[in-house]
Each structure stands twice: as C-alpha cells, then as structure tokens.
2 protein chains.
Amino acid sequence: MDNFTLRQLRYFEALAQHGHFGRAAEACAISQPALSVQIRELEETLGAALFERNARQVRLTGFGEDVAAKVRDILLSADELADFARLSRDRLTGRLRIGVIPTIAPYLLPTIIGDLTRRYPGLDMRLRETLTPRLIQELAEGRLDTAIVALPVSEPSFTEVPLFSEEFVLVRPSADADKPVPNAETLREMRLLLLEEGHCFRDQALSFCNMNSSLPRELLDGSSLSTLVQMVGAGIGVTLIPEMAVPVETRSASVSLARFDAPRPSRRIGMIWRNTTPLADQLQEVAEVVRQSAETLAGRAAGATART
Amino acid sequence: MDNFTLRQLRYFEALAQHGHFGRAAEACAISQPALSVQIRELEETLGAALFERNARQVRLTGFGEDVAAKVRDILLSADELADFARLSRDRLTGRLRIGVIPTIAPYLLPTIIGDLTRRYPGLDMRLRETLTPRLIQELAEGRLDTAIVALPVSEPSFTEVPLFSEEFVLVRPSADADKPVPNAETLREMRLLLLEEGHCFRDQALSFCNMNSSLPRELLDGSSLSTLVQMVGAGIGVTLIPEMAVPVETRSASVSLARFDAPRPSRRIGMIWRNTTPLADQLQEVAEVVRQSAETLAGRAAGATART
DNA sequence: TTGTTGCAATAACTTAAAACTATGGACAAC
DNA sequence: GTTGTCCATAGTTTTAAGTTATTGCAACAA
C-alpha cells in the first residue's frame, strides 16, 4: 500500500529545493534529524533512493526528479483544496437549491433572485417550483436546501421560520365592483373558482369559507391564479388570490378587487429546512433577505390594491 | 495552514462513497469512532461541514461535493505516484547518463546501445563523448551517472570496476608489412603519429615507448584515430591504435597491422561512478552487459587482425 | 599524518496523533 | 414505552513524529 503522507511530500519538496538537510529542516520548522527520518521513510515506502547524499551536497537522483514533478502536482492540488475551503468559509457559496410553491414563485422570485445574487455574488442558485408535498419530499431527501411554503408544515425534522403574512383578496367581475363585500358565509353561496387539488392555496381559501375540499361542489378548477383571474374577467365566477399576486394578475384583466372585513383571510408564508442542515446559519440570513424583498413587494402590492 | 492529511482524504472519500460511518470505517479497516474523529478534524481544518448527518443517512453537503471532486483528484495523483515508484523499483529505469572517452566511443557504443536497450526496455540512455578530465568533472558534479574510461582513475570518491584490457596494435604503411615488428626502443626511432594532447590514449602510447609527452618531438598530432590511420596510409609515419578500433579504422586504408612481442602494450578499460550513487547495484549490472558486449567485439577484432 | 569542521545518520527519549473499547444520546420503528 | 440503529464523546493505549545529544564520515587545513 502507498502510505506516504502529505507531510513527507512537503519535506521532500523542501529538501529537493534546498539540497541541504539542515536548511530544508529549518524551512519546515523542524529539526534536522526529524527531516532525515521522514525522508528515509519516504524513500523506503517508494522503494528507491530519492537523493544522493555525499559529503558536500544532497542531490536528487533521476528517480527523485521524476518523483519531484509528481509531488509538485499533488501539493499544488492540496493547496488548491485548502484555498477553496478558505474562500468558502463562512460564506454562502456554491449551489443553493430553493423550492417555492406556485402561488408564490411567480411574484416573489423575480425580486429575490436579484436580491440574493446581489447579496451573495458567486452563488449558484437553483430554483424549483412545485407543490408543497413534493417540496417537502425533496427537502427531506436532500435534493433541496430550503423551501418557501405556507406555514405551518409541521414536519418535526424541519425548522420553520416565518417570513410574512399575506391576506387574500377577492376578485370579482368589474360589474360587481359596487356590490357589498361578501363575508365567509355569503361567499359560500357564490360560484368560487379555485386552483386544482394539491395547491395549498386552494385549501386555505376553502378553509376560510369553512368548506371541505372533498365535498361535492360545482367546481371549475384552474391550474394557475392567472387562469382563475381570466375566468373571473369572463364573468364565470369569483376567486381569491393572495395579495402578492395582485399587481401581476389584475394588471390587464377587467376585474374588481375587494378586501374582506375582519376577520380577513390570510396565510403565513415561511422558509423551511432540515434541522440537520449545516447551512442553518446562512439560511437564516437568506430568510432575512427574502423577508425584506417580500416587504418591498407587499408595499407595492398594497399600493396597487388601493388604486383599484 | 492547510494541515489535513492524505489519510483524512481517504477516509473522506470512503465516507462520501458509503454514506455510512460504520461501513466506511470497515472499508478503511478502522473503528467507527476513529473515522468520526478524522472526519470531524477534516471539517474543522477546512472550516465547513462536509456531511450532513441525520438519523437515517449521511449525505454530502454542497461544499462536500465540491471538495469530493478535488479530493478524488489528489488521491488519484497520489496513487499514480505510488504506482510509478512501484514500477521503478529494483529496475533500472528513467534516465541513465553515460560518458565515454573518444578512443572507445565509436567502436563500443553501437554495440552497447543495442545491448542495453534490449536488456532495459524503457531506459532513457544519454551518451556523452569527451576526454577523461571532463568526464571526471561531470561525473563528480552529478551531470553523469557513470563513465567508461581507461583505468586507473584514482579518484577516491569514485568506484572503478574493470571491464576489459585491450592491446595496442601497430599500424604502418602496407610497404612495411614484411619488416620486423619494432619493440619499444626501435619504435622510438620511427615517426610516431599520435592523438593531440588531452587524449589518454596518447599518454598510454607514449608511456609504452618510455617517452614523455612534454618532450620536444617532431610530432604530427591527429584529432582522431581515423585521421591517424589515414596519415599512416599516406606514408607519413606509423601509429598505434587500440585493438577495438582495428575493424573500423583499417577497413578501407591501405595499411598493415602488426602485433608487438611481449611485453605487449595495452590498457585497462573500466567503468567508474560516484561512491555515493544509489545506482551502484544497477551500474554493476550495466558493467556486466558492457563487458559482454566488449568481449563479442574483441572476438571480431581479433579475427580482423588475424586476417590482415 | 592529525585535528577540525560541516553535515547527515542514529540513539534515546518526549510529545502529539491516531487508534481502540466502552458508553451516551438522538431518533426512527415497533 | 421499548428497541435498535447509528453517530458522537470519553478515556485509554498504541503508533507516529518530534526533540536533544551523539556518532560517523568525508573534506580541508595545519
């Protein structure tokens, strides 16, 4: 087996360079006998003499010269590894895999991508948009580093940190703009358009009306908030969308917005990660950046809602 | 400073591969706590977590994956070094720098180059032809590994091994073929052509006649044995050449050869190397190959002399 | 020859590193 | 709860690497 050590290779390089045991030892900050022993052991492991010692000088053998070239290569790679580690230390770097639910992703991502790359230059951000159960699964399997979802998730192996709350806004045809704002009960009488099954936002909306997802209802499910708003604009029914979606989704559709009276429906959005992730500290930082991005966005959204 | 060890890198690779401390430790033939400690120390040296440990599995972090790639590279280079050493062990390999004096080189080299490359495939042989003093200097300085010269050299720092003796043959014009063979005294009366100063063979020839090199003589010095023989052919004088040169140098010239009566002039040819060279064992082997090459050559030379 | 000097090797010993066994604590599964 | 798996920690022993002191060899000057 080849059990020489990196230390021996460093000593070897020093001796090859200085051609003198005493000075090479000094350069390595060890005593001359220590160097002699390590060089001898390296020669024994390799099975051939690396140096020719004579009374006036220490010189590499032909074999030693060949070895020296390879040793330089190894030590260079080792130093590069150390450098790489030093540069990565205490810094969020390399790959960061973030999962986001579909009712957040289109509105929040454009902002946070910019904010995060600005905050962490050189970060290789990989984004995944899918439904909560899959995000949870991928996070548990280590295929994601973190996810932005609606809280609570209640997985004991995950840490949750709240980011913000967002209220739900009623979207109804422009014609209804002057009608009174319905409450949870009256909403149940209306034709409520919802996202298809699996979206957490669907359940959150239903829960506001105290309705059960699995009850037989006359339903028209949309695959995205955008679709739902278009359907409302066509006079097919009403829907709820999260506040954050308002500026994007109601820009071009002829619909009217209405805010509920208290208790207003809302949901809490947060970040989750594995309890065991070594990135916990850095993810706390990321959460803070996301929180601020969302705050900025909410300000704009509120403005948009007010104008409508 | 970066003081991780190759051992830690090997353990790291095993753990990255197995994803399980117990099994990785087994693969490394150490106990599980030993592995845990070494991995922890590697992580401390690098300043960041390499693995995420949880109850069911051990998984590389993003940083760990980057490190794993670099570690593979380092370990590969280390293994290559070990392989290279193992292949070189006990085998004459790589560069071998041989010096030869000019009165031997043209006759011996063609044969021994062939014999040595046949005997040591992959040997990178580098030949140097020059006068003895320079060979000695270059050998002492480590710019040659060995030299083939006339013995004795009497350098206490060199080891000498005899290869063979060769007699000197008188070369005289064809017209003199039937004259009696001169002895040392009568030779002194003839016009003796010699190599220029610096060639050991010049001194060896002179010493046979009990003449001093520095004595004022009517001389015509040649720069090679070939030149001398041509001059003899032109009737300018007589010369001595070593037996080994006979087949090559007298092939085309119209000269006659004569062997002296006892005591015949001769010289001993041998190989020398630094006492301290680690190649001593291999050079002994080389000497044996050269000796046999010379023997073959001498047989042919004797045949040629007889025929003339 | 005979010190003397410079330098690497060796010896004897100490300190540091790495291994072992035994045990503890977290967590998932039953 | 209880059990089993698995990694971390503790305490101890073994091995590796370093120290100082000394020896031995070769070169050089007297």
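Given the structure is predicted, the values throughout are model-derived calculations rather than measurements. Each chain gets a letter, A, B and so on, in the order the sequences are listed, and its residues count up from 1.
Under the rule for a salt bridge (Lys or Arg N to Asp or Glu O under 4.0 Å), B:Arg134 has no partner lying at least two apart in sequence or in another chain. Evaluation of the salt bridge (Lys or Arg N to Asp or Glu O under 4.0 Å) rule for A:Arg56 yields no partner, not counting sequence neighbours. Residues meeting the ring-ring contact (aromatic ring centres under 6.0 Å, His included) test with B:Phe12, sequence neighbours left out: B:Phe51. Partners of A:Tyr120 by ring-ring contact (aromatic ring centres under 6.0 Å, His included), not counting sequence neighbours: none found. For the ring-ring contact (aromatic ring centres under 6.0 Å, His included) test, residues two or more places apart in sequence or in another chain that qualify with A:Phe84 are B:Phe63. Checked against salt bridge (Lys or Arg N to Asp or Glu O under 4.0 Å), A:Arg126 has the following partners two or more places apart in sequence or in another chain: A:Asp124.
The interatomic distance linking B:Glu41 (CD) with C:dA16 (C1') rounds to 11 Å, in whole Å. Between the CZ atom of A:Arg274 and the P atom of C:dC27 there is a distance of 15 Å, rounded to whole Å.
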Would you mind building the protein contact string for nucleotides 4-15 of chain C? One character per nucleotide, 5' to 3', B for base within reach (heavy atoms under 4.0 Å), S for sugar-phosphate only, - for untouched.
---SBBB-----
Show the atom names and distances, to 0.1 Å, of all donor-acceptor pairs under 3.5 Å that link a side chain in residues 154-161 of chain B to residues at least two apart or in another chain.
{"from": "B:Thr159", "atom 1": "OG1", "to": "B:Asn275", "atom 2": "OD1", "distance (Å)": "2.7"}
{"from": "B:Glu160", "atom 1": "OE2", "to": "B:Val153", "atom 2": "N", "distance (Å)": "2.7"}
{"from": "B:Glu160", "atom 1": "OE2", "to": "B:Ser154", "atom 2": "N", "distance (Å)": "2.8"}

In residues 69-76 of chain A, what donor-acceptor pairs under 3.5 Å come from side-chain atoms, sequence neighbours left out?
none

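Sorted by first and then second residue, the salt bridge (Lys or Arg N to Asp or Glu O under 4.0 Å) pairs with a member in residues 272-282 of chain B read A:Glu52-B:Arg274; sequence neighbours excluded.
Distance check: B:Arg23 CZ to B:Leu35 CG gives 12.5 Å after rounding to the nearest 0.5 Å.
Listed in residue order, the members of residues 151-161 of chain A having a heavy atom less than 4.0 Å from DNA chain C come to none.
Within the nucleic acid shown, A:Phe51 has no heavy atom closer than 4.0 Å to any nucleic acid atom. Within 4.0 Å of B:Ala34, counting heavy atoms only, lie sugar-phosphate atoms of the nucleic acid but no base atom.
Think of the region where chain B sits on DNA chain D: with heavy atoms and a 4.0 Å cut, that region ends 5' and 3' at D:dC6 to D:dT9.
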